[in-house]
Structures are given as structure tokens and as C-alpha cells.
Amino acid sequence: MSKNEKIEGHFGDFGGRYVPETLMAALEDLREAYPRVSQDPKFKDELDHLLLTYVGRPTPLTLAAKMTEEMGGAKIYLKREDLAHTGAHKINNTLGQVLLARHMGKKRIIAETGAGQHGVATATACALLGLECVVYMGEEDVARQALNVWRMELLGARVVSVTSGSRTLKDAINEAFRDWVTNVEDTFYCIGSTMGPHPYPTIVRDFQRVIGLETKQQIMEVEGRLPDVLVACIGGGSNAMGLFHPFVDDTDVRFIGVEAAGHGIHTDKHGATLTKGVHGVFHGQRTYVLTNEDGQIQEAHSISAGLDYPGVGPEHAFFKDSGRAEYVAIDDEEALDAFQYMSRMEGIVPALESSHAVAYLRKLVPDLPKDQIVVMNLSGRGDKDAPQVRDMLEARAREAGAK
Amino acid sequence: MTRIAQRFAELKEKGEAALIPFVTVGDPDLKTSEMLIPALAEAGADLIELGVPFSDPVAEGPVIEKASERALAAGVSLQKILNLVKAVRSQVEIPLILMGYANPFLHMGAEKFAREAEAAGVDGVIIPDLPPEEGELFFKALEAKGISAILLAAPTTRDDRMEMIVSRSTGFVYYVSLVGVTGARAELVEGLEERVRSIREKSSLPVCVGFGVSTPAQVEEIGRYADGVVVGSALVRVIEQAGEGQAVVDAAKSFVADLKEPLRRS
């Protein structure tokens with residue numbers, strides 16, 4: 001139990017297990033198995049070996065020299081999760097969970113996916129470790145992300161198109177829960193972020209902590225001190241929590257989470273759950289959610305599929321209310337500009353998710369003193385977004401030409 | 001004595017199990033739901049479960065999930081459902097139980113919901129994603145107003161947890177017959193009778209069985225060993241196929257009368 005959890009499974013008022021009774025026994029098994037298996041030296045060695053030889057960890061900490069110079073404030077380092085196998089931090093979690101499932105004797109893995117990143121990472125881990133894999137994906141996302149559907153199938157997974165509700169990520173999660181309720185005896189649900197019922201937010205956080213642990217060691221090596229600010233984008237919150245959590249007791253280190261403002265937080269098309277949401281219960285957890293006045297969950301919107309979620313991990317909700325972290329929002333246009341900015345400045349194409357963090361650096365860093373150090377989690381690479389961004393930029397150019 | 005306890009006492013006297021139909025409120029519209037409640041009571045329902053639609057109902061199969069979508073599209077809210085209960089309460093004595101997901105109830109707030117539910121004449125609440133550990137404050141607020149907090153037990157529920165559930169539930173215990181989501185199944189699960197009998201031994205409350213029950217024959221069989229039987233998806237499908245207005249009422253009435261028939265002792 002970590003120190004934020006006064007009652008096991010709860011982070012302050014948040015977290016918990018809000019699930020149908022049928023799943024309580026499975027969550028109880030997982031709660032019992034997770035600390036036992038994950039502390040077993042055999043499991044640890046196996047996971048460490050995979051992270052080293054398969055994922056390519058540790059990922060580098062890169063000084064963003066040109067961005068630092070151009071912004072003229074604090075020194076900027078990038079934690080390069082874009083260089084992990086499959087191109088994002090997601091693999092840290094899926095390898096951990098799928099290995100855990102195998103140690104628990106489960107034969108079948110289910111997962112949800114929005115744009116397909118977590119689905120691909122889960123399919124990859126299942127291919128490597130030899131488990132059956134079923135991925136739920138909203139019908140809308142299946143149409144928009146045909147290439148990722150093909151990638152998952154190439155990796156041996158079965159992709160199920162979800163036609164209920166809004167046919168996006170939240171409905172894919174609902175359908176994964178329904179599968180789990182039905183097949184709970186032999187199936188392991190591999191959740192893609194620091195969210196869901198206890199103990200998932202803790203498990204995913206622990207598997208992503210490797211990001212922050214490496215960062216701490218790397219920054220001590222090059223700078224001889226801790227950073228002043230950590231910045232990361234937030235959908236469910238796993239890359240941010242992975243970076244932040246090992247620094248939680250270093251109270252001089254500021255945490256800043258960057259949400260998706262979509263068309264703007266004054267509109268109804270955004271994914272800024274911590275900025276604009278209210279306390280509620282959704283997908284098995286008590287957290288911040290986007291709802292209407294009747295408590296019905298609203299659809300989120302973002303240019304980036306990974307931030308397009310109307311909930312957020314409960315430990316982030318706790319960090320917000322306790323003041324440990326600050327949460328801000330960046331809109332679609334700012335993210336699109338940042339996508340191009342980092343590509344030209346550093347020769348690194350960031351994922352649209354990570355581009356939100358880049359965009360916030362451009363607001364934050366110029367006002368920080370030069371002797372400060374900022375570390376941004378570059379959670380994924382942007383190759384997956386290139387066709388979509390190209391189309392949007394061409395549309396933007398046509399619009400400008402027409403005026 | 002609460003209306004729920006009263007109803008089970010009457011049935012016990014007659015040696016009958018309760019028939020508990022489920023309808024999603026606002027499917028196809030609120031007006032039809034208002035007509036349905038007295039009609040179902042007249043057709044032989046002993047208690048009625050009123051489904052409160054939710055955007056993300058994770059325990060529902062496709063039939064109730066779609067009904068929930070239709071009701072939300074028609075503009076139904078928890079507040080409107082409370083208003084509807086208030087409007088029909090004067091016409092019927094039948095216990096009315098709201099069944100829905102946690103967020104709309106918690107969003108309204110425990111105290112406010114309990115106060116308004118009492119004023120409207122709601123007798124009980126079933127919330128599948130609010131287990132007793134997380135729902136303690138909410139359930140206390142309900143019980144303070146004499147509203148039953150009906151807890152669910154499942155095939156996967158282990159013995160020590162079962163003790164806790166039967167001791168904390170009020171009104172009755174809702175036993176989920178199968179490992180899965182709501183929806184009609186051709187066969188009842190093997191070993192159901194034994195399981196229900198063992199829960200009844202532990203519980204001083206009536207034990208009712210739901211999920212996967214759709215035919216008069218299944219109702220009859222469960223009625224031999226349980227205190228009540230819930231039929232949801234099958235009725236919701238009848239309503240969906242009947243269209244709207246009086247046609248819905250007639251179809252639902254005749255379906256419920258057929259379900260009740262094998263349970264009657266007199």
C-alpha cells in the first residue's frame with residue numbers, strides 16, 4: 001500500500017472498486033496475486049530482462065538544446081519513451097500485465113483501445129508471451145484507424161468492433177468489462193492506463209514508474225540534481241503518473257499534467273477532465289469525470305485519440321485536490337503547432353498526445369529562470385499521426401487560401 | 001413494515017413466489033412508462049423494477065443497453081423518473097424499485113436523492129456498480145428514509161463475502177443467476193437451485209433471482225425455490241417490438257400475465 005492510500009485502493013476520496021458483484025472475486029484475486037507475483041524474483045528478472053532486451057530500456061534522456069535556446073528560459077530535457085518498442089510508453093505496462101496474467105495461469109487477454117496504441121502494445125506482448133488476445137475498439141475508431149486494426153491482426157490479435165453508445169474508447173471499455181463479466185474465470189483484463197477499479201490504477205502506475213526511476217538516475221548523472229518541473233500529457237494519466245510518481249516525496253519538484261482542451265474548454269468538445277470535470281463514478285473508479293447535469297457521462301473530444309477520454313486516473317484526481325500536481329489544458333490548434341515545432345527544432349516527431357506537453361512548454365519555459373531544469377515526458381512518437389496531421393494541415397492551408 | 005416486506009409477507013401466506021418485471025423507464029417514452037406501471041401491476045407483477053438509464057451500463061446485455069440509449073435520447077433523467085414515480089404512486093400500491101448505475105444517483109447526492117425518493121414513494125434501489133464497501137454512506141442515507149438498499153450476490157461471490165452481503169442488504173437479496181451480462185438464455189445455469197437454497201439458509205431476507213430468465217417455464221422452475229423472479233431483457237424486447245403507446249401496454253401486460261400464471265397458487 002502506498003502512502004497516498006489511507007484505505008487500501010483509495011487515493012483520498014478517489015479510486016475504489018465500483019464494479020458489478022460478479023467481478024469482485026476476480027479483483028480480489030488480482031489484489032492478492034499482484035504483490036506476491038510482482039515481488040517474486042523470478043517475475044522481476046523476467047520483466048527486467050524483457051525491458052532491457054526487448055523494449056530497449058533504459059530510454060535516453062535527451063537535452064532539447066535548440067528548444068531550450070529558442071524559448072530562452074529553463075533547460076529542457078526529454079524523456080524518450082518514443083524510442084521504446086512499438087513507439088510509446090504503453091509497452092511498459094502491457095508487458096508487465098501480460099506477464100502477470102501468465103503467472104496467474106490466465107490463458108486469454110482482453111484489452112480496450114482508442115486509436116489503437118494500447119491495443120497494439122497488448123497484441124505485441126501477447127504475441128511475445130504466447131497468449132490469446134482480443135481487443136475491443138469502437139466502430140468509429142476502427143474506421144478511422146484501419147492501419148492499427150491491421151497491425152493488431154498482424155500480431156495475432158482479434159479486433160472486435162464495438163457498436164454500442166458513442167462507438168469510441170469509453171464504449172470499448174464498457175464492452176471489455178462485459179466480456180470480463182462473462183469470461184472472468186479464464187480471462188485477464190489488461191487495462192491501458194492508470195484507471196479502472198482497484199488494484200488497476202496501482203498496477204499500471206507501478207509498471208510505468210520505470211519512466212520516472214530512470215529519469216531520476218539520468219538527471220542526477222548529467223546535472224547532479226533533481227529537476228524543478230516535470231511535464232507530461234494526460235488522458236487516463238499513465239505516462240504522467242509513471243514520470244511523476246518516483247518524485248512524489250521530492251516536494252520541491254513541480255508536477256504539471258497537460259490535458260486536451262480540444263476545441264477549447266469553454267466549448268463542449270474537449271477532454272479536460274481535471275480542469276472542467278466533477279467528482280463522479282465511472283469505469284469502476286471514483287474520480288473526476290465529464291458529465292451532464294443528470295450524471296450521464298459525456299463524450300470527450302481531442303485531436304489526439306490518446307487524450308480523448310471523459311475520465312482520468314484516480315491518483316491524478318487525488319494529486320489535483322491535494323495540490324501536489326497542477327493540471328492545465330492545451331487545445332487542438334496549439335498541439336498541432338507544437339507537433340511541427342518540435343519536428344523542426346529537434347528532429348523528433350512527437351505523438352499528438354505528447355505535442356500537448358510540448359505546447360505547454362512553450363507557454364511555461366520562457367518565464368522560468370535559466371538555472372531551472374524541466375523534464376518533459378515524450379510519451380510517444382508521431383509517425384502514427386503523420387497522415388492525419390498532413391490532411392489537417394492541408395485543409396488548414398486551403399481554408400487560409402480561400403479567405 | 002415497508003411495502004416490500006408487506007408484499008413478501010402476503011406472498012408467503014399464499015405460498016407464491018414474486019414476479020418482478022423490469023422495464024427501462026422512458027423506453028420508448030415517459031408517457032408510456034406511466035401507463036405501463038399500473039398495467040403491469042394489474043397483469044400480475046408483485047414488485048416492479050424501474051430501470052434508470054445510464055450512458056455506460058457495463059452489466060447490461062445488448063437489449064437493455066439499447067433501451068437505455070433510446071430512453072436517454074428521449075430525454076429521460078433521474079429527476080424525471082422520480083417525478084414519474086410520484087405521479088403513479090397514488091394509483092398503485094405495488095413496491096417500486098429503481099435499478100441503475102451509480103453515477104446519476106451520486107451526482108444528485110445521497111441526501112437529496114433519499115429525500116426525493118422517499119417523497120416520491122420509491123421503495124428500494126438496486127445499483128449493480130455500487131458494492132456495499134463503496135456505497136455505505138449512500139445506503140445509510142436511503143435506510144434513514146426507509147428505502148431498501150438491495151444488494152446483489154453473484155455465482156462468483158465467495159462465502160465470507162456472501163455473509164456480508166446478506167447481512168447488509170435490506171428488502172431482499174438479488175441473486176445474479178449467471179456469470180455474464182443481462183439477457184435471455186435458453187437454459188438456466190446448472191446448480192442454480194442449490195446455490196439459491198444455500199443463500200436462503202444464510203439470509204433472513206427473501207432471495208430473488210434475475211439475469212437470463214425469460215420464459216414462463218423458467219419462472220416456474222425458479223419460483224419453486226426462490227422468493228422471487230426478475231424478468232428484464234425479455235420484457236424489454238417485447239416493449240421494443242410493440243412500438244409505442246397502447247400497443248406497448250397491451251403487449252407487456254399479456255407477456256407479464258403469462259409469466260405470472262405458473263406462479264399462482266389459487
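Numbered from 1 within each chain, the chains take letters A, B, ... in sequence-line order.
Looking at B:L151, neither its backbone nor its side chain comes within 4.5 Å of chain A, counting heavy atoms on both sides. Contacts of A:N292 with chain B are made by backbone atoms alone, with heavy-atom separations under 4.5 Å and no side-chain atom involved. Looking at B:K80, there are no atoms closer than 4.5 Å to chain A (heavy atoms on both sides), in backbone or side chain. The contact between A:T291 and chain B is made entirely by side chain atoms (from C-beta outward), counting heavy-atom distances below 4.5 Å. If you measure heavy-atom distances from A:Y18 to chain B, the contacts under 4.5 Å come from both the backbone and the side chain.
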Side-chain polar contacts of residues 227-235 of chain B - donor-acceptor pairs under 3.5 angstrom, sequence neighbours left out - could you list them?
unit_1: B:D227; atom_1: OD1; unit_2: B:R200; atom_2: NH2; d: 3.1
unit_1: B:D227; atom_1: OD2; unit_2: B:R200; atom_2: NE; d: 3.2
unit_1: B:D227; atom_1: OD2; unit_2: B:V207; atom_2: N; d: 2.7
unit_1: B:S233; atom_1: OG; unit_2: B:G183; atom_2: N; d: 3.4

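Ranked by heavy-atom pairs under 4.5 Å with chain A, the list B:E134, B:M108, B:E60, B:E65 is led by B:E134. With chain B as partner, the option from A:R17, A:E185, A:E293 having the largest number of non-hydrogen pairs under 4.5 angstrom is A:R17. Of the listed residues B:A153, B:P62, B:S68, B:P131, the one with more heavy-atom pairs under 4.5 angstrom with chain A than any other is B:P131.
More than 12 non-hydrogen atoms from other residues, nucleotides or ligands lie less than 6.0 angstrom from CD of B:Q79. Within 6.0 Å of the CZ atom in B:R197, the count of heavy atoms belonging to other residues, nucleotides or ligands exceeds 12. No more than 12 heavy-atom neighbours from other residues, nucleotides or ligands sit within 6.0 angstrom of NZ on B:K86. Atom CZ of A:R31 is surrounded by more than 12 heavy atoms from other residues, nucleotides or ligands within 6.0 Å.
For the pair A:T22 (side chain) and B:V179 (backbone), a donor-acceptor distance under 3.5 Å is absent. In this structure, the side chain of B:S55 engages the main chain of A:I297 through a donor-acceptor pair within 3.5 Å. B:N103 places a side-chain N or O within 3.5 Å of a backbone atom of A:G295 that can act as its donor or acceptor partner. Checked by atom type and distance alone, the side chain of A:R178 never pairs as donor or acceptor with a backbone atom of B:G61 at under 3.5 Å. Side chain of A:Q296 to backbone of B:P53: a donor-acceptor contact under 3.5 angstrom is found. For B:E69 (side chain) and A:S164 (main-chain N/O), no donor-acceptor pair under 3.5 Å exists by modelled atom type.
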Working for side chain to side chain contact (heavy atoms under 4.5 Å, CB included), residues B:I165 and A:E21: CA-CA 10 Å; B:I165 288 169; A:E21 178 59 28; 3.5 Å; yes
For A:M24 and B:E133: C-alpha separation, side-chain torsions, deciding distance, then whether side chain to side chain contact (heavy atoms under 4.5 Å, CB included) applies. CA-CA 11 Å; A:M24 290 303 277; B:E133 298 93 329; 4.0 Å; yes
### Message
Assess the residue pair A:E28 and B:R161 against the criterion (salt bridge (Lys or Arg N to Asp or Glu O under 4.0 Å)); give the C-alpha distance rounded to whole Å, side-chain angles, the decisive distance to 0.1 Å, and a yes or no.
### Response
CA-CA 11 Å; A:E28 199 51 37; B:R161 207 179 146 75; over 6 Å; no
- request: Could you walk me through whether B:V58 and A:V181 pass side chain to side chain contact (heavy atoms under 4.5 Å, CB included), step by step?
  value: CA-CA 9 Å; B:V58 294; A:V181 166; over 6 Å; no
Side chain to side chain contact (heavy atoms under 4.5 Å, CB included) evaluation trace for B:D56 with A:N174: CA-CA 7 Å; B:D56 299 85; A:N174 295 341; 2.8 Å; yes
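Salt bridge present: A:D29 and B:R158 bring a charged side-chain N and a carboxylate O closer than 4.0 Å.
Rounded to the nearest 0.5 Å, atoms CG (B:L178) and OG1 (A:T182) are 8.5 Å apart. To the nearest 0.5 Å, atom CG of residue B:L106 and atom CZ of residue A:F282 are 14.5 Å apart.
Using a 4.5 Å heavy-atom threshold, the side chains of B:H107 and A:V281 count as separate.
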